[in-house]
Novice: 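Let me begin by handing over the structure; questions about it come next.
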Amino acid sequence: MRRPRVHNLQIARRYSSATSSPQLPGSVAKVHPLAAVTSQIDRVAPRFEIDASQIEIIDSPTAFYATLKNKIKTARRRIYLSTLYIGKSEHELIQTLRDALEANPELHVSILTDYLRGTREDPHPSCGTLLAPLVKDFGDRVKVCMYHTPNLYGWKKKYMPKRINEGWGLQHMKLYGFDDEIMLSGANLSEDYFTNRLDRYHMFKSKELADYYAAVHEAVSEISYDLLPSEEEKGGFVLQSPIHRGLPDPVWHSKRYKKYAKDLLEPLIHPRAKQRLSSLDFQENKTFVYPLAQFDILLGQPRNREFLDYEIAQYTSTEKPVLTKLLTALAEDSKLRNAKWTFTAGYFNIDPDICKRLIDATPAVRALTQAGNPSEKPCTVITASPWANGFYGSAGVSGMLPAAYTLLSRRFLAQVEKAGKQDAIQLKEWRKGTVGQPAGFTYHAKGIWATLPPQEDQSGNLVDEVGPSVTLVGSSNYTKRSYSLDLEVGALVVTADADLKRKLKAETEWLERDASVTTQDDLMKIDRRVGARVRAALWLVERLGGAL
């Protein structure tokens, strides 16, 4: 029996409509340093105002897994999980979902994964094999969909081997929703992410946010393949094309598919006209959350791209424009010019535009010296050491990737030196043991944090901030691939709440705990040399339209 589809996405339009607090007669409201930035972002992405106490930051893979299982057990109405894949041996997680469905007849579960990654091992046991019994046993209460990129078709679809074909685009969103709560992360749902692969995990307790991300999840599911159980297939499932629902197929009707996807998704990820025209002032003790999406593979590139400040550009996706606005403000706004930032990506290959703006947003070292911090570098990039890279020791082409990222790190440091910012920016490589050995971890965290310059207190004295006021969390790796090929979702959090700032500072501190400064000299050592094979493979992937 065909399952009903949810086409009404209006629930995602419940954006914040609060107004600024009235000022007492004769008083002069102090403008927050971030007010100008939020005013600009209001024109690009939907805004939600929530209480800072409703944001929880989880600090380890084991806590992430425990939270997932607990939220599944206690969910009453809905569970939606968007992920790249669910590990083929995650029987405990599936049993937890099964127990919750059996215990609560009102519960509905929706799962979205990537087609290519979710069927990599097929016809041997795969993610699809694991999920098919849930659909068989619970019928319309369980929906499993797999997104297939419209970028892989023709000869690429026919001849590209598995794992390599994933370089042409994936469903990379990580949305874990339970009733009126939503967790944003970069982690997938497999054993390593539950035990020894470090990532970020932010839980938001907000019905409005949970409804919004549920609508995004449902929209992408709408244009994906349905997974159906099949006793005839060795893998135990078949994937039914959107054609069966009267929609274009991403492989066979790529152009029409993109047109349909654009019409469906673009209105959803943009702010309503009311928000664009009437910005809400950012003030002390407020916390804004801006959901961000990067869907260029479906929506197309922004028009008027020559306007690099994005002021006049007609937006398609929202993550890159918002991050551009933030970094431009850090570089140019006099109130933010000496803000400090931390940037991290497990797979270090920053999009060139973002890389340039990140370097431009570096504060003047002179200002730090005057503030009494001559030895402290204000800006830090954290990335995985080769021995903490998820591809370390892999067979075949993927085994070359750790060396490729070393090459990219070396290029970044050369760029920093060319810009004269080597005294302000440091690169740190994260390592905790060695991949594949006892107690060895991999590093998969990604995000950015910005800490404002010292602010005046009521007495006019400059006081250091207790922690970052801005963070970007989600699935994106901030690479050319993230911005052009994959589906990415996250959130920009802007806060004036002191307790949340402290939580964000603690998050950066535990990420840096196992990271050490790495220089160009370190990257030139014998054990870090990059061979001709790796350079050639990197060049070939880029020329064929794929990306790391």
Side-chain angles (χ1 to χ4, degrees), residues 3 6 11 50-51 53-113 118 127-145 173-218 221 227 229 473-475 489 491:
R3 299 189 298 279
V6 179
I11 196 168
I50 71 172
D51 192 305
S53 64
Q54 300 306 299
I55 301 176
E56 178 187 359
I57 300 176
I58 299 166
D59 65 358
S60 71
T62 53
F64 166 56
Y65 189 37
T67 301
L68 276 176
K69 291 189 293 182
N70 180 60
K71 296 301 179 183
I72 290 171
K73 292 174 183 177
T74 56
R76 291 293 172 262
R77 295 180 293 106
R78 66 178 176 186
I79 296 171
Y80 60 93
L81 309 173
S82 300
T83 188
L84 176 61
Y85 68 100
I86 298 178
K88 62 184 179 181
S89 60
E90 291 309 313
H91 301 291
E92 182 183 51
L93 179 64
I94 299 304
Q95 186 61 48
T96 304
L97 286 168
R98 181 178 292 277
D99 292 345
L101 286 160
E102 290 175 345
N104 183 6
E106 301 301 315
L107 181 64
H108 287 74
V109 175
S110 178
I111 299 172
L112 171 67
T113 74
C127 171
T129 307
L130 188 73
L131 294 172
L134 286 178
V135 181
K136 178 182 178 181
D137 295 342
F138 295 97
D140 288 348
R141 293 174 58 203
V142 175
K143 179 174 68 175
V144 178
C145 298
M173 302 188 301
K174 317 297 165 61
L175 298 173
Y176 305 130
F178 315 93
D179 290 341
D180 296 336
E181 297 178 291
I182 174 66
M183 184 192 298
L184 300 182
S185 180
N188 295 304
L189 303 180
S190 64
E191 183 180 5
D192 47 353
Y193 290 96
F194 301 154
T195 55
N196 59 6
R197 178 167 290 187
L198 187 64
D199 215 301
R200 299 178 69 201
Y201 330 88
H202 284 216
M203 176 72 77
F204 299 83
K205 301 177 182 179
S206 164
K207 184 179 188 303
E208 282 192 322
L209 273 175
D211 287 347
Y212 176 86
Y213 285 110
V216 174
H217 168 96
E218 179 62 30
S221 298
L227 183 144
V473 61
S475 62
V489 163

Novice: Can you list the residues that meet the side-chain contact (heavy atoms from CB on, under 4.5 Å) rule with Ser475, with sequence neighbours excluded?
Specialist: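 Ser475: side-chain contact (heavy atoms from CB on, under 4.5 Å) contacts with His172, Lys174, Glu488.
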Novice: Which residues satisfy the salt bridge (charged side-chain N to carboxylate O under 4.0 Å, His left out) test with Lys136, sequence neighbours excluded?
Specialist: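 Salt bridge (charged side-chain N to carboxylate O under 4.0 Å, His left out) list for Lys136, sorted by chain: Glu231.
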Novice: In Å, rounded to the nearest 0.5 Å, how long is the span from CG of Leu189 to CD1 of Ile111?
Specialist: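 Taking CG in Leu189 and CD1 in Ile111, the distance rounds to 8.5 Å.
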Novice: Between atom CZ of Arg77 and atom NE2 of His108, what is the distance when rounded to the nearest 0.5 Å?
Specialist: 11.5 Å
Novice: Counting neighbours of CD on Gln54 that are heavy atoms of other residues, nucleotides or ligands and sit closer than 6.0 Å, is the number greater than 12?
Specialist: yes
Novice: Search all heavy atoms of Pro229 against all heavy atoms of Val135 and return the closest pair with its distance.
Specialist: CD-CG1, 3.8 Å
Novice: To the nearest 0.5 angstrom, please state how far the CD atom of Glu90 sits from the CG atom of Leu130.
Specialist: 8.0 Å
Novice: Would you compute the distance between atom CG of Leu81 and atom CG of Leu93 and round it to the nearest 0.5 angstrom?
Specialist: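 So the CG of Leu81 and the CG of Leu93 are separated by 7.5 Å.
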Novice: Taking only residues two or more places apart in sequence, or in another chain, which ones meet Glu181 in a salt bridge (charged side-chain N to carboxylate O under 4.0 Å, His left out)?
Specialist: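 Lys71.
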Novice: At their closest point, which heavy atom of Cys127 faces which heavy atom of Ile86, and how far apart are they?
Specialist: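 Result for this residue pair: CB-O, 3.3 Å.
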Novice: Start with the C-alpha distance between Val489 and Val216, add both sets of side-chain angles, then the distance that settles side-chain contact (heavy atoms from CB on, under 4.5 Å), and finish with yes or no.
Specialist: CA-CA 9 Å; Val489 163; Val216 174; 4.2 Å; yes
Novice: Listed by chain and number, what are the salt bridge (charged side-chain N to carboxylate O under 4.0 Å, His left out) partners of Arg76, not counting sequence neighbours?
Specialist: none
Novice: Sequence neighbours left out, what pairs pass side-chain hydrogen bond (donor to acceptor under 3.5 Å, both in side chains) with at least one residue falling in residues 93-102?
Specialist: Gln95-Asp99, Arg98-Asp137
Novice: Using the test side-chain contact (heavy atoms from CB on, under 4.5 Å), find all partners of Ser53 that sit at least two apart in sequence or belong to another chain.
Specialist: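 Once residues adjacent in sequence are excluded, the partners of Ser53 under the side-chain contact (heavy atoms from CB on, under 4.5 Å) criterion are Asp51.
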Novice: Mind checking whether Pro61 and Leu198 have side chains closer than 4.5 Å, heavy atoms only?
Specialist: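 Pro61 reaches Leu198 side chain to side chain.
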Novice: Tell me the closest heavy-atom pair linking Gly128 and Leu227, and the distance in Å.
Specialist: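 Between these two residues, the closest heavy atoms are CA-CD1, 3.6 Å.
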Novice: Could you measure the distance from the CG atom of Leu101 to the CZ atom of Arg141? Nearest 0.5 Å is fine.
Specialist: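 Between atom CG of Leu101 and atom CZ of Arg141 there are 5.0 Å.
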Novice: Would you call Leu184 and Tyr213 a side-chain contact if the rule is heavy atoms closer than 4.5 Å?
Specialist: yes
Novice: Once ring-ring contact (aromatic ring centres under 6.0 Å, His included) is applied, do any residues pair with Phe204, and if so which ones, sequence neighbours excluded?
Specialist: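 Phe204 satisfies ring-ring contact (aromatic ring centres under 6.0 Å, His included) with no other residue.
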Novice: Quick one: are Leu112 and Thr83 in side-chain contact, heavy atoms under 4.5 Å?
Specialist: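 Of all side-chain heavy-atom pairs linking Thr83 with Leu112, none is under 4.5 Å.
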Novice: I'd like to check the ring-ring contact (aromatic ring centres under 6.0 Å, His included) partners of Tyr193; sequence neighbours left out, ordered by chain and number.
Specialist: His444
Novice: Closest heavy-atom contact between Asn104 and Ala75?
Specialist: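 Closest pair (atom of Asn104, atom of Ala75, distance): ND2-O, 3.7 Å.
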Novice: Name all residues meeting the ring-ring contact (aromatic ring centres under 6.0 Å, His included) criterion together with Tyr65; count only those two or more places apart in sequence or in a different chain, and write none if there are none.
Specialist: Phe194
Novice: Taking the side chain as every heavy atom from C-beta outward, state whether Ile50 and Leu209 have any pair of such atoms under 4.5 Å apart.
Specialist: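 With C-beta onward as the side chain, the pair touches.
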Novice: Taking side-chain contact (heavy atoms from CB on, under 4.5 Å) as the definition, give me every residue that meets it alongside Ala63, ordered by chain and number, with sequence neighbours left out.
Specialist: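 Testing Ala63 for side-chain contact (heavy atoms from CB on, under 4.5 Å), a comparison that skips the adjacent residues, returns Ile58, Asp59, Ser60.
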Novice: Please enumerate all residues that pass ring-ring contact (aromatic ring centres under 6.0 Å, His included) together with Tyr80, with sequence neighbours excluded.
Specialist: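 Partners of Tyr80 by the ring-ring contact (aromatic ring centres under 6.0 Å, His included) criterion, ordered by chain and then number, come out as His217.
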Novice: Does a donor on one side chain and an acceptor on the other come within less than 3.5 Å for Ser190 and Asn188?
Specialist: no
Novice: With rounding to the nearest 0.5 angstrom, report the OG to OH distance, Ser185 to Tyr176.
Specialist: 6.0 Å
Novice: Could you work out, with salt bridge (charged side-chain N to carboxylate O under 4.0 Å, His left out) as the rule, every residue matching Asp179, not counting sequence neighbours?
Specialist: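 Asp179 satisfies salt bridge (charged side-chain N to carboxylate O under 4.0 Å, His left out) with no other residue.
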Novice: Taking the side chain as everything from C-beta on, heavy atoms only, tell me whether Glu208 gets closer than 4.5 Å to Ile182.
Specialist: no
